[in-house]
Amino acid sequence: MEIGNRARAVEDWFAANRRRLPWRTRRSAWRSLVSEFMLQQTQVARVVEKFEPFLTRFPDPASLAAADEQEVLAMWQGLGYYRRARNLKRAAEMIVERFGGRTPLEPDELLELPGVGRYTAGAIASIAGRRRVPIVDGNVQRVLARLHEDDADPTSRDAIARAWQRATELVDACDRPDRLNEGMMELGALVCTPGMADCGVCPLATGCGARRSGRQASIPPPKRAAVKIEVHHHSVLVRRNGRLLMEQRGDDGIWAGLWQVPTVESKRKLGPSQVSRRCGVELTEIDRVGSFTHELSHRRIHVHVFRGDAAPGARAPGRTWQTRSGLERLPVSNAVRRILELG
DNA sequence: AAATCGTGGTC
DNA sequence: TGACCAAGATT
């Protein structure tokens, strides 16, 4: 099939199929920017729950730029990759300062924003701005690899470069870059999925290399999962006068900037007396409450939960005593949410 | 440039 | 059930 016909086949397929992201029917650069930040490495279904509340609270770059970072993180709670939320706020600040509050639609300007890489810039520019630029996400890379029967390791430099080259050729040959790019991603998400290629309904089936050779299941080869390091978090629910002691995590590492109950991290499991000694506040008593494991992409955290009573007049520098309603305003990880449920 | 950063879904 | 994956970016 000639490349222009391929591109139009995808555009027509997308135009005829319902979109899973209805907010894109309103073409707003700001909405597109927020949407693309949320969608980085995150499934559409998860984003749908969070998007409208976030946009209602932060309807334009100025409102986000002026907001307290704690509130931004709270609106992001549960989405993961919390650095995106902080980058998005910094991007909003830059939009206000350098672009007069108007979200840019040119790829080069978008790339200057923190947290915006080649994919995100291309998605906003092509979908919200209808600029003729390519995008390659995990879906597009898989569809293109199968189309061209490219069985290389998808994490290799060369394979990535070939995907961008092929995406560029397609978008150069298409009529509507927005429909082409969204169509390629939807194809990957709904038709040409990792586990199954539903070639019977695929607009690219004619001329697909993997289909011709029957290698849909082995292209692309799977990426090796990261080795998970095992660590232990000992978290203490410290009570005093009906309040709970909370601390904020540092600027780097996992859950940066989020809040937690006092937690001792170690390579090995610790007993109650060790936890009591190292948790940073004097306790008169400590008991085990329960434990669970929390899985991250590159780490397995064994969470051991304790309950302790603060000694009278105990000091806890850098920490705050929170009431139940105060707790609800602090951004916490899902692991901490589970810990708090045990309290 | 390999590691890091969350969480939930799929098969 | 445990890999593997998701509208990736950063260092």
Side-chain angles (χ1 to χ4, degrees), chain A residues 14 19-21 23-24 31-51 73 76-88 90-91 110-128 134-143 153-158 160 163-164 167 178 180-190 192-196 217-218 220-229 231 249-258 293-301 303 331-338:
Chain A
F14 181 67
R19 305 165 185 230
R20 291 182 301 158
L21 297 180
W23 60 75
R24 281 202 175 136
R31 293 174 72 86
S32 181
L33 182 75
V34 173
S35 159
E36 294 301 341
F37 266 74
M38 287 190 173
L39 285 163
Q40 289 168 5
Q41 290 288 281
T42 303
Q43 291 169 342
V44 167
R46 309 274 337 133
V47 171
V48 166
E49 309 164 3
K50 296 285 182 180
F51 182 73
L73 285 169
W76 203 270
Q77 189 172 120
L79 268 180
Y81 286 146
Y82 297 95
R83 184 168 48 184
R84 294 179 295 174
R86 316 174 86 178
N87 279 338
L88 181 55
R90 289 205 295 136
L110 287 161
L111 279 171
E112 296 177 27
L113 302 175
V116 175
R118 193 173 180 185
Y119 163 78
T120 302
I124 297 164
S126 67
I127 297 169
I135 59 175
V136 174
D137 73 331
N139 292 308
V140 176
Q141 191 176 357
R142 179 175 55 256
V143 172
D153 171 7
T155 66
S156 71
R157 266 192 100 71
D158 289 349
I160 293 169
W164 279 96
D178 55 338
L180 174 81
N181 285 342
E182 281 200 85
M184 290 292 286
M185 290 192 287
E186 287 292 83
L187 264 184
L190 302 176
C192 195
T193 65
M196 185 188 64
S218 56
K223 307 167 185 172
R224 261 211 315 276
V227 177
K228 287 196 179 180
I229 296 174
V231 297
R249 293 185 65 87
D251 242 21
D252 301 310
I254 62 171
W255 302 320
L258 273 61
T293 63
H294 188 84
E295 303 267 350
L296 279 62
S297 52
H298 58 299
R299 205 170 302 199
R300 172 176 289 121
I301 303 177
V303 182
V332 300
S333 67
N334 277 11
V336 171
R337 195 183 302 181
R338 285 189 67 178

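We name chains A, B, ... by the order of the sequence lines, and we start the count at 1 in each one. Remember, predicted model here, so these are calculated numbers, not experimental data.
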Visitor: Got a sec, which residues hit side-chain contact (heavy atoms from CB on, under 4.5 Å) with Lys223(A), two or more places apart in sequence or on another chain?
Guide: Pro154(A), Thr155(A)
Visitor: Between atom NZ in Lys50(A) and atom P in dG6(B), what is the gap in whole Å?
Guide: 15 Å
Visitor: When you look at CD1 of Ile229(A), are more than 12 heavy atoms from neighbouring residues, nucleotides or ligands closer to it than 6.0 Å?
Guide: no
Visitor: List for me each residue that meets side chain to side chain donor-acceptor pair (under 3.5 Å) alongside Arg249(A), sequence neighbours excluded, and say none if there are none.
Guide: Gln260(A), Glu265(A)
Visitor: Would you mind telling me which of dA9(C), dG6(B), dC5(B) lies closest to the side-chain atoms of Arg299(A)?
Guide: dC5(B)
Visitor: Which nucleotide, dA9(C), dA6(C), dA7(C), lies nearest any side-chain atom of Gln41(A)?
Guide: dA6(C)
Visitor: Using atom OH of Tyr119(A) as one end and atom P of dT10(C) as the other, report the distance to the nearest whole Å.
Guide: 14 Å
Visitor: Rounding to a whole Å, what distance do you find between Arg338(A):CZ and dT7(B):P?
Guide: 11 Å
Visitor: Looking only at the side chain of Asn87(A) (C-beta and beyond, no hydrogens), which of the listed nucleotides dG8(C), dC5(B), dT10(C) gets closest?
Guide: dT10(C)
Visitor: How would you label the contact of Leu79(A) with the nucleic acid (heavy atoms, under 4.0 Å): base, sugar-phosphate, or nothing?
Guide: base
Visitor: Should Arg84(A) and Leu88(A) count as side-chain neighbours, where that means a heavy-atom distance under 4.5 Å?
Guide: no
Visitor: With a 4.0 Å cut-off on heavy atoms, is Ile254(A) in touch with a base, just the backbone sugar-phosphate, or nothing at all?
Guide: sugar-phosphate
Visitor: Applying side-chain contact (heavy atoms from CB on, under 4.5 Å), name anything that partners Phe14(A), two or more places apart in sequence or on another chain.
Guide: Arg19(A), Arg179(A), Glu182(A), Glu186(A)
Visitor: In whole angstrom, give me the gap between the C1' atoms of dA3(B) and dA7(C).
Guide: 22 Å
Visitor: Could you check which of dA6(C), dG8(C), dG6(B) has an atom nearest any side-chain atom of Leu296(A)?
Guide: dG6(B)
Visitor: Quick one: on DNA chain B, does Ala226(A) or Leu258(A) contact a more 5' nucleotide (nearest heavy atom)?
Guide: Ala226(A)
Visitor: Would you mind telling me which of dA7(C), dT4(B), dG8(B) lies closest to the side-chain atoms of Arg83(A)?
Guide: dT4(B)
Visitor: Below the 4.0 Å mark, does dA3(B) have OP1 or OP2 next to a side-chain nitrogen or oxygen of His298(A)?
Guide: no
Visitor: Does OP1 or OP2 of dT7(B) have a side-chain N or O of Tyr82(A) closer than 4.0 Å?
Guide: yes
Visitor: Give a yes/no answer on whether the side chain of Trp76(A) brings an N or O atom under 4.0 Å of OP1 or OP2 in dC5(B).
Guide: no
Visitor: When you measure only distances, ignoring hydrogens and angles, does the side chain of Thr42(A) come within 3.5 Å of the base of dG6(B) through a donor and an acceptor?
Guide: yes
Visitor: Report the nucleotide, chosen from dT7(B), dA9(C), dA7(C), that has the shortest atom-to-atom distance to any side-chain atom of Gln40(A).
Guide: dA9(C)
Visitor: Each nucleotide N or O in nucleotides 9-11 of chain B that has a protein N or O under 3.5 Å away: list the pair and distance.
Guide:
| from | atom 1 | to | atom 2 | distance (Å) |
| --- | --- | --- | --- | --- |
| dG9(B) | O4' | Gln43(A) | OE1 | 3.4 |

Visitor: Counting the atoms with a prime plus P, OP1 and OP2 as sugar-phosphate, which does Arg142(A) contact under 4.0 Å by heavy atoms, base, sugar-phosphate, or nothing?
Guide: sugar-phosphate
Visitor: Are His294(A) and dG6(B) close enough that a side-chain N or O sits under 4.0 Å from OP1 or OP2?
Guide: no
Visitor: OP1 or OP2 of dG6(B) sitting under 4.0 Å from any side-chain N/O of Asn334(A)?
Guide: no
Visitor: Classify the nucleic acid contact of Gly78(A) as base, sugar-phosphate or nothing, counting any heavy atom under 4.0 Å across all strands shown.
Guide: sugar-phosphate
Visitor: When you compare dA9(C) with dG8(B), how far apart are their P atoms, in angstrom units rounded to a whole number?
Guide: 22 Å
Visitor: Of all the choices, dA6(C), dT7(B), dA7(C), which nucleotide is nearest to the side chain of Asp137(A) once you look at every atom?
Guide: dA7(C)
Visitor: side-chain contact (heavy atoms from CB on, under 4.5 Å), that's the test. Do Val336(A) and Trp255(A) meet it? Break it down for me.
Guide: CA-CA 10 Å; Val336(A) 171; Trp255(A) 302 320; 5.7 Å; no
Visitor: Students often get this wrong, so: under 4.0 angstrom with heavy atoms, is Val116(A) touching a base, only sugar-phosphate, or nothing?
Guide: sugar-phosphate
Visitor: Using side-chain contact (heavy atoms from CB on, under 4.5 Å) as the criterion, list what pairs up with Ala125(A), not counting sequence neighbours.
Guide: Pro107(A), Leu110(A), Arg131(A), Val133(A)
Visitor: Excluding sequence neighbours, so at least two apart, what forms side-chain contact (heavy atoms from CB on, under 4.5 Å) with Arg338(A)?
Guide: Phe292(A)
